[in-house]
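Computed over heavy atoms, backbone and side chain alike; hydrogens, waters and symmetry mates excluded. As the structure lists them, so they are numbered: ligands from 1, and atoms in each ligand from 1. As the structure is a computational prediction, the values presented were derived from the model and not from experiment.
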Amino acid sequence: AQLGVVAVGFSGGQCKPGVDAAPSALISSGLLTQLHTELGYDLFHDDTVHSYKDLIPSSDPDVRGMKNPLAVSAVTRKLSEQVYAHAKEGRCVLTLGGDHSIAIGTIAGTAKAIRERLGREMAVIWVDAHCDINTPETSGSGNIHGMPVAFLSGLASEDREDVFGWIKTENQISLSKLVYIGLRDVDRGEKVILRENGIKAFSMHDIDRHGIGKVMDMALGHIGNDTPIHLSFDVDALDPLWAPSTGTPVRGGLTLREGDFIAECVHETGCLVAMDLVEVNPTLDPGVNDLGAQETVRAGCSLVRCGLGESLL
Ligand code: DIR
Ligand code: MN
Ligand code: MN
Ligand code: MN
């Protein structure tokens, strides 16, 4: 099978540098080689970690409280075109971030390609400690990595073309086809949004109650058979024991095995059209001698291999 790969070294959706170093760390640890030699993918990759430097303006004042609005908008717009080009060819698309704001680009790109190619609306499975559905108005931080789902679903919008006004209906997803897994740090305003829109969400509490097997049955049941799925995986969904090197770690998360299981179940549907792996930050290491960073990179590689079909037997 063909796999489009986009490596995005971008950190402007939040305030901590270093998440831009993730794609190189993941690739150096052998991820792409494994996908080719062990999983048998034909890789379509430009062998570049994109930093989109030419798209980042020297002056980028806040808009409606959003930080780096011009940069994040321009980078995600360009990324949406790169992802679209792969998905339009029928390739599954793997995007290595970068902070989670990049999902604005990846999902906008696949949503459009899937509409054109299959005449279908795709579903999104968002695995994260956070639900990243703040609007500029509900956000306390102004960090756009906490807002991608709001812009992708039309809950938030802007007329200005250079501030996400480029996101058109064909790029959008519907909230009824969105499922969250792993939530445990949801802002007050986000809880209102989840409730008012009846968004399907499985928190860590739900996983404790039902077990991850039942939760995946329910999550995939909600989406329905035969629906194309975009899997957006924030490594901070994992417990910091397995993924300490990330910008906003939250205790009480998924084990690595549970994370791998989620990715395996999505792969098993045969409906995966794209996967993002985001928020690995190898420069944030609460441990000693970079061991935490190495563990986090290893965990990220494992999640990707599981999503793309590594089988245990
Ligand atoms: C918080 C944190 N909800 C915000 N979001 C994070 O800034 O909007 N997402 N860390 O990954
Ligand atoms: Mn690339
Ligand atoms: Mn996230
Ligand atoms: Mn998160």
Can you tell me how far [atom2] of [Y] sits from [atom1] of [X], rounded to the nearest 0.5 angstrom?
{"X": "Gln14", "Y": "Thr246", "atom1": "CD", "atom2": "OG1", "value": "8.5 Å"}
{"X": "Thr95", "Y": "Met275", "atom1": "OG1", "atom2": "CE", "value": "10.5 Å"}
{"X": "Ile193", "Y": "Asp187", "atom1": "CD1", "atom2": "CG", "value": "9.5 Å"}
{"X": "Phe164", "Y": "Ile144", "atom1": "CZ", "atom2": "CD1", "value": "4.0 Å"}
{"X": "Ile223", "Y": "Met122", "atom1": "CD1", "atom2": "CE", "value": "11.0 Å"}

Which pairs count as side chain to side chain donor-acceptor pair (under 3.5 Å) when at least one residue sits in residues 28-43, sequence neighbours excluded?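 Pairs touching residues 28-43 that pass the test: Gln34-Arg305.
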For this session: Any side chain to side chain donor-acceptor pair (under 3.5 Å) involving residues 189-202? Give me the pairs, sequence neighbours left out, ordered by first then second residue.
Result: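 For residues 189-202: Asn134-Glu190.
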- Salt-bridge test for Lys112 and Glu81: reply yes if a basic N is under 4.0 Å from a carboxylate O, no otherwise.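 Not counted as a salt bridge, because no side-chain N and carboxylate O are separated by less than 4.0 Å.
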**Report entry** Total protein N, O or S atoms, the Mn ion (ligand 4), separation less than 2.8 Å
**Finding:**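 For the Mn ion (ligand 4), the figure is 5.
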* Using heavy atoms and a cut-off under 4.0 Å, could you grab the residues that are in contact with ligand 1, chain by chain, numbers ascending? =>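 Within 4.0 Å of ligand 1, protein side: His130, Asp132, Asn134, Ser141, His145, Gly146, Asp187, Glu190, Asp234, Asp236, Thr248.
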- Would you tell me whether His100 and Asp128 have side-chain atoms, one donor and one acceptor, within less than 3.5 Å of each other?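 The criterion, which ignores hydrogens and geometry beyond distance, is satisfied for Asp128 and His100.
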